[in-house]
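The structure under discussion appears below in the form of structure tokens.
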Amino acid sequence: MTDAPTRQQTWLSQPHHDGSGRYVSNQSPRLGDRVDVLLRVPLEAEVEAVHVRTAPDGEATFTVAKRVRTTATDDWWRATLTCHNPVTTYRFLLTGGPTKYQWLNGTGMHTRDLPDASDFRLVAHDSPPPAWALGAVVYQIFPDRFARSRRADRHETPDWAIPADWSDPVDLSTRGVAHQLYGGDLDGVTEHLDHLESLGVDVVYLTPFFPARSNHRYDASSFEQIDPLLGGAPALRRLTSSAHQRGLKVMGDFTTNHTGDAHEWFLAASGPDGKRRPERDYYIWEDGSYVAWLGVPTLPKLNHLNAALRQRIFEHPQGVVRKWLGRSGGLDGWRVDVANMTGRWRDTDVNHDVARQMRDVMARVAPDALLVGEHFHDYTPDMPGDGWHGVMNYAGFCKPAWTWLREEPKDPRFLGAPVPLPHLDAGAVVDTMRDFTSRIAWQSLVHSFNLVGSHDVPRIRTLVGPGSVETAAGLLFTFPSMPMLTYGDEIGMEGTFGEDGRRPMPWDESHWDTDTLAVYRGLIAARKGSVALRRGGLRWVHAEGDAIVFLRETEQEVALVHVARDAHAPVVLPEHHLAGIENGAPAYGPGPEIAGGTVTLGADNALVRIWTWKPTDGGARHARRKGR
């Protein structure tokens with residue numbers, strides 16, 4: 001939180017910096033590279049000098065910034081930093097003006113000293129995220145529930161399954177929730193790629209497809225084959241080939257934390273001669289029994305202190321990570337299930353070592369592959385920039401969005417929380433988002449999956465009600481990230497909690513909410529048509545009560561985003577801080593009222609407004625530097 005009590009009214013008149021290309025000259029530097037960082041300072045701030053504080057090798061150092069351009073509204077200052085360490089944290093020290101002394105870090109302006117946790121940062125690690133991922137829209141598919149192919153009837157039903165017709169309701173009984181089988185398969189996904197292409201998504205993310213004894217398949221019995229129920233390895237290759245022909249990427253889902261108790265490794269480890277088998281030490285044992293994930297007996301926990309296990313998973317050419325990537329399997333990346341718990345048990349914590357090893361291996365065998373970790377709470381200490389490229393952003397986006405949009409008097413409990421989520425105003429929600437985004441590198445933020453729902457939590461339509469779905473989707477598709485939606489969100493599917501939301505996708509379009517589909521298509525089209533929404537920075541403008549307003553900026557384009565959860569008093573902004581806005585055009589929703597030197601954003605109900613234009617303030621171009 002910033003120190004000024006009227007921060008929402010003053011953000012446009014405050015100095016600004018973020019990690020985007022408009023403010024940082026090199027988004028993927030290497031050790032030794034020199035990187036220019038720019039600071040925009042409104043003239044009314046009366047700043048006289050700017051220094052940038054870094055801490056190479058742990059010792060504070062100050063670099064003088066130079067004023068390189070003055071526009072009608074702003075001074076632009078530039079400093080050149082050297083990436084001496086893999087992570088270079090920095091903040092700005094501004095002198096002059098009414099307070100004489102202010103710091104600017106990722107949470108805003110401060111007149112007091114503060115810890116380094118929210119400083120801006122440059123990361124100079126090897127294997128940067130793939131270029132295709134920046135700004136991409138992700139579509140999550142639960143294979144059993146998406147579509148049955150023409151081949152599906154050939155698959156023999158296993159003994160653990162409770163067969164269901166596609167029109168049957170989800171069985172939420174203790175046994176049924178994991179064992180009810182609808183029979184969706186990978187060829188079913190392939191046969192419906194037209195729908196995904198028409199929606200405008202870029203990435204298909206599949207929840208697990210390894211053989212298992214459940215419909216969710218997080219209890220894998222092998223990593224060396226694809227479940228025959230889903231069509232086996234040939235079906236995966238048909239899917240990835242067809243997707244690639246359409247320009248779509250495909251990501252798999254792998255659990256580094258545990259296997260199923262029917263996994264071939266665990267059967268060897270727990271068999272009559274298990275104590276003599278090398279697989280025995282692949283798992284954690286205590287008091288004569290194995291440790292299970294959260295005590296679930298079918299999910300024995302892997303022991304990542306064992307070098308042979310990690311060799312088999314990550315390094316071996318036929319290990320799970322390498323086998324299914326690139327040419328051999330066709331996948332374009334991995335999402336890691338319960339990544340936050342991997343390698344952690346009592347006094348052992350090799351979580352980051354595992355993440356870094358997985359990324360290093362992927363960089364060697366499939367340099368264009370993406371690695372995203374699932375993380376339900378504060379992920380910021382676990383993401384220094386050289387492990388996962390990004391996370392599933394539950395804590396920094398999904399949860400705060402819920403607290404703003406949830407429909408009263410609904411009683412959502414976030415992933416097992418003992419009490420309902422609060423219902424908060426926009427200021428508190430944005431403060432939460434700023435806290436999280438400020439503690440990771442910009443590169444990590446924009447390669448994370450932002451989401452407002454998944455197969456593990458309530459459906460967004462059920463949580464917020466039909467009237468707020470557009471607002472939720474508006475936030476999702478305009479924020480810097482890789483926005484992820486779950487199959488069926490785009491047609492208004494419902495579900496009160498995770499398993500209830502895993503309903504079969506209705507392919508009879510008479511069951512679709514076509515208004516919701518138009519919203520999703522329109523917002524995704526707006527994102528794809530705007531370089532600012534895909535690649536721009538994030539400059540907060542207003543957050544109060546029922547309204548959130550922010551800017552996404554590049555040198556080529558600015559996008560003004562206004563999302564409202566309900567009717568609210570007009571938000572009035574000074575036009576001179578939005579140079580060129582009068583020449584803009586609507587990318588989605590109604591345009592703002594521009595007259596008399598002000599820009600007015602009104603709302604008579606929930607809405608999303610996106611207005612884009614070419615900036616005329618010029619900014620200050622980065623000095624062009626080559627290498628080190």
Side-chain angles (χ1 to χ4, degrees), residues 158-160 173-179 207-208 210-224 253-316 319-321 334-358 373-379 381-382 387-388 394 413-418 456 498-499:
D159 59 2
W160 56 262
S173 67
T174 302
R175 173 167 165 73
V177 73
H179 296 105
T207 60
F210 299 115
R213 295 184 60 81
S214 68
N215 53 39
H216 55 69
R217 296 183 171 86
Y218 285 104
D219 57 332
S221 58
S222 174
F223 296 131
E224 296 181 6
D253 196 337
F254 169 49
T255 303
T256 54
N257 179 72
H258 56 263
T259 68
D261 64 347
H263 196 283
E264 53 208 14
W265 300 345
F266 188 73
L267 294 178
S270 58
D273 63 343
K275 291 185 179 180
R276 296 191 297 272
R277 296 291 298 267
E279 290 88 353
R280 178 78 174 187
D281 200 36
Y282 286 9
Y283 296 89
I284 302 173
W285 302 83
E286 281 191 350
D287 302 324
S289 184
Y290 62 92
V291 172
W293 175 72
L294 297 183
V296 179
T298 57
L299 302 175
K301 186 173 172 68
L302 291 167
N303 172 26
H304 283 277
L305 288 177
N306 183 274
L309 168 70
R310 283 162 63 173
Q311 168 72 18
R312 194 160 181 177
I313 290 176
F314 300 119
E315 306 287 348
H316 195 281
V320 57
V321 170
W334 287 109
R335 176 265 197 187
V336 180
D337 179 54
V338 290
N340 54 299
M341 297 185 70
T342 297
R344 286 179 166 144
W345 180 252
R346 298 196 187 279
D347 61 347
T348 295
D349 188 348
V350 291
N351 179 270
H352 183 57
D353 293 337
V354 173
R356 184 166 50 195
Q357 183 176 9
M358 187 170 180
E374 180 187 40
H375 207 304
F376 286 115
H377 56 281
D378 181 9
Y379 51 81
D382 292 339
W388 317 311
Y394 282 101
R413 296 171 186 265
F414 190 81
L415 296 167
D456 282 324
E499 288 84 358

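With sequence neighbours excluded, the residues satisfying side-chain contact (heavy atoms from CB on, under 4.5 Å) with D273 are R276, R277. In this structure, the side chain to side chain donor-acceptor pair (under 3.5 Å) partners of H216, at least two apart in sequence or on a different chain, are S214.
Across all their heavy atoms, S221 and A212 have their closest contact at OG-N, 3.8 Å. In this structure, A355 and W388 approach most closely via the heavy-atom pair CB-NE1, 3.4 Å. When all heavy atoms are compared, the tightest approach of H179 to R175 is ND1-O, 2.9 Å.
Residue T256 holds its OG1 atom at 11.0 Å from CH2 of W334, rounded to the nearest 0.5 Å.
For residues 337-349, the salt bridge (charged side-chain N to carboxylate O under 4.0 Å, His left out) pairs, not counting sequence neighbours, are E286-R346, R335-D337, R344-D349, R344-D382. Annotation: salt bridge (charged side-chain N to carboxylate O under 4.0 Å, His left out) contacts involving residues 210-220, sequence neighbours excluded, comprise D159-R213, R217-D227. Evaluation of the side-chain hydrogen bond (donor to acceptor under 3.5 Å, both in side chains) test over residues 288-304, restricted to residues two or more places apart or in two chains, returns N257-K301, D281-N303.
With hydrogens and angles left out, the side-chain atoms of D253 and Y218 include a donor and acceptor closer than 3.5 Å.
Counting heavy atoms from C-beta on, the side chains of F223 and I313 never come closer than 4.5 Å.
Put simply, the side chain of T255 never gets that close to the backbone of H258: no donor and acceptor are under 3.5 Å apart.
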Can you give each donor-acceptor pair under 3.5 Å made by side-chain atoms of residues 262-272, sequence neighbours left out, with the distance rounded to 0.1 Å?
residue	atom	partner	partner atom	Å
H263	ND1	W265	N	3.0
E264	OE2	S222	OG	3.4
S270	OG	F266	O	2.7

